[in-house]
J.: 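I have a structure I would like to understand better, so I am pasting it below and will then ask my questions one at a time.
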Amino acid sequence: ADAPMLAFRAMPDVERFEAGVDAARGDLRLAGDCRALDLESLQRALGEWRRAGARSVDLTGAGQFDIGPAWLLQRALDAAAAGGAAPAVTGTLPSHFSYLQELVANAPESGLAASEPEASWLVQFGRSLQERVANWYEALTFGGILITTAGLAWRSLKRLRIPSIVRHAYETGYQAVPVVAVIAFLISVISAYIGAQQLRPYGAEIFTVDLVALGVLRELGVLLTAIMVAGRTGSAFAAEIGVMKLNDEVDALESMGVNPYEVLVLPRVLGLVIALPLLTIVADFMGLLGGGLLARYLIDLPWPQFFQRLDEAIGPTTFWAGMVKAPVFGLLIGLVGTFRGLQVSGSSRELGRLTTVAVVQSIFLVIFADALFAIFFLEIDF
């Protein structure tokens, strides 16, 4: 006698879909419309069908299929065909099959990637080196195009886009004053406090003023400002231009004959180069103010004596040693942020990744450039 037919229904009170499995003959019979709510019953029937041998499918009584159940049925048929003889299908396949088969046919690399064996370390090294060289070449191309664009823009105030430069200088400079001022004030207070505690056993608390003045004006003021701007503005540049790339706005500019480097990149970079030195002056002032307040209330140093000692500690090049770095740091942050923004393509995930890369690389380049400046100033006794 034949084995009994196993029937699966999505819900007891729903009669529109039924899946039956003949365990002896390996036959699957589907009847009625299969909706998303019927996925569970279809999945159980397909599992029983595969265990029975998966020889044939009867769709003569089947109705409409949602795309989810159709995808599940197609995967089961492909898996059965891959394991041996293809099951015999009676009736009409769901209409979604043609669309799903087209998707699989247009993405053959996904199947190859899944079956590709793990590459050796030498292959992985070669691929990473190739990607790195391609990235360097793209950066050089970006720099060359930007230099050419800047050279052409200097010939005309209209092409230089002064209103856009002023707007970006306002957004990156004036709007960043509160956070830069607070950070510089707090860092200088912390530095002065630590310095006073270390100098007190030697009776040299007065040199706390020298520590704050030299540290803030030469290093901390411009470095902290650049790091804050890299996190705030570098990420904004990458995100803004990246969204424009995803929305095809950059391509639209090019189709209208407008140079996107002239409209999107150059005003942002020049605005940041102008704004960062001004922010550095604010950070220097707040840093000296924080050190002076701590010296006044921690070591009881009167204000006249503080200013006298400050005048003796500051040399002719102390202030300019920090100010010379500011435009260079602003240029690095602006270039990295806009470059990574123009690299965005494909999806919002790439936008988030490149925005993070822009911030990390900006901070790294700022610290690296600061180290080079320190070595250079030491060599020339600046």
Side-chain angles (χ1 to χ4, degrees), residues 103 106-107 109-110 113-114 124 127-150 161 164-165 167-176 179-180 225-273 275-276 279 329-369:
L103 286 181
N106 291 335
E109 63 276 4
S110 61
Q124 294 177 359
R127 289 175 179 173
S128 62
L129 183 60
Q130 182 182 16
E131 293 175 0
R132 186 62 56 86
V133 171
N135 196 17
W136 288 344
Y137 177 76
E138 191 174 355
L140 289 175
T141 304
F142 170 83
I145 296 175
L146 185 60
I147 292 174
T148 304
T149 303
R161 302 181 184 273
S164 180
I165 295 175
R167 181 177 70 86
H168 288 298
Y170 170 80
E171 292 178 352
T172 59
Y174 179 77
Q175 293 183 354
V179 62
V180 169
T225 302
I227 291 175
M228 293 300 299
V229 170
R232 180 183 182 274
T233 305
S235 60
F237 285 176
E240 290 172 359
I241 299 179
V243 170
M244 294 179 186
K245 285 279 291 182
L246 292 179
N247 292 335
D248 297 328
E249 296 178 37
V250 178
D251 295 336
L253 289 175
E254 293 178 345
S255 66
M256 292 186 295
V258 179
N259 186 354
Y261 287 82
E262 182 181 315
V263 177
L264 302 177
V265 178
L266 193 59
R268 285 175 167 82
V269 173
L270 292 179
L272 190 55
V273 169
L276 197 57
L279 284 175
F329 292 170
L331 179 65
L332 292 174
I333 296 169
L335 290 177
V336 172
T338 52
F339 171 64
R340 293 304 178 184
L342 288 174
Q343 282 188 316
V344 174
S345 62
S347 66
S348 57
R349 182 179 181 182
E350 191 73 2
L351 172 64
R353 186 185 71 84
L354 287 173
T355 301
T356 304
V357 170
V359 175
V360 173
Q361 289 186 345
S362 298
I363 295 176
F364 170 78
L365 289 177
V366 163
I367 296 176
F368 182 73

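In this chain, residues are counted from 1 in sequence order.
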J.: Measure the shortest side-chain to side-chain distance between Thr338 and Leu266 over non-hydrogen atoms and say whether it is less than 4.5 angstrom.
T.: no

J.: What's the verdict on side-chain contact (heavy atoms from CB on, under 4.5 Å) for Thr172 and Val229, showing C-alpha distance, side-chain angles and the deciding distance?
T.: CA-CA 8 Å; Thr172 59; Val229 170; 5.6 Å; no

J.: What pairs with Arg232 under salt bridge (Lys or Arg N to Asp or Glu O under 4.0 Å), at least two apart in sequence or on another chain?
T.: none

J.: Give the C-alpha distance, both sets of side-chain angles, the deciding distance and a yes or no for side-chain contact (heavy atoms from CB on, under 4.5 Å) between Leu342 and Val265.
T.: CA-CA 9 Å; Leu342 288 174; Val265 178; 3.9 Å; yes

J.: Is there a side-chain contact (heavy atoms from CB on, under 4.5 Å) between Leu264 and Met244 once you walk through the steps?
T.: CA-CA 10 Å; Leu264 302 177; Met244 294 179 186; 3.6 Å; yes

J.: Could you report the tightest heavy-atom contact between Val359 and Ser235, atom names first, then the distance?
T.: CG2-CB, 3.4 Å

J.: Considering non-hydrogen atoms only, spot the tightest contact between Gly337 and Ala358 and give its length.
T.: CA-CB, 4.3 Å

J.: Check the surroundings of atom CD in Glu254: do more than 12 heavy atoms from other residues, nucleotides or ligands lie under 6.0 Å from it?
T.: yes

J.: Working to the nearest 0.5 Å, report the span between CZ of Phe339 and CG of Leu354.
T.: 9.0 Å

J.: Where do Pro260 and Val250 come nearest, in terms of heavy atoms and distance?
T.: CB-CG1, 3.9 Å

J.: Within this structure, what is the CG-CG distance for the pair Leu332 and Leu276, rounded to the nearest 0.5 Å?
T.: 10.0 Å

J.: Show your reasoning for whether side-chain contact (heavy atoms from CB on, under 4.5 Å) applies to Leu146 and Leu335.
T.: CA-CA 9 Å; Leu146 185 60; Leu335 290 177; 3.1 Å; yes

J.: Given 3.5 Å as the limit, does a donor-acceptor pair link the side chain of Ser164 with the main chain of Arg161, or not?
T.: no

J.: Would you give the length of the straight line joining atom CD1 of Ile241 to atom CD of Gln343, rounded to the nearest 0.5 angstrom?
T.: 11.5 Å

J.: If you measure from CD1 on Ile145 to OH on Tyr261, what distance do you get to the nearest 0.5 Å?
T.: 4.0 Å

J.: For Ala275 versus Ala169, what's the shortest heavy-atom pair and its separation?
T.: CB-O, 3.8 Å

J.: Main chain of Glu249, side chain of Asn247: is a donor-acceptor contact present, judged purely on distance under 3.5 Å?
T.: no

J.: Ignoring hydrogens, what is the shortest heavy-atom contact between Arg340 and Val357? Give both atom names and the distance.
T.: NE-CG1, 3.6 Å

J.: Once you round to the nearest 0.5 Å, how far does CG of Leu279 lie from OH of Tyr174?
T.: 12.0 Å

J.: When rounded to the nearest 0.5 angstrom, what is the spacing between CG in Asn135 and OG in Ser128?
T.: 12.5 Å

J.: Looking at Arg127 and Glu131, is there a salt bridge between them, counting it only when a charged N and a carboxylate O are closer than 4.0 Å?
T.: no

J.: Look at the rings of Phe237 and His168 and say which category their plane angle falls in: under 30° parallel, 30 to 60° tilted, over 60° perpendicular.
T.: perpendicular

J.: Looking only at heavy atoms, what is the nearest atom pair of Leu272 and Gly334, with distance?
T.: CD2-N, 3.6 Å

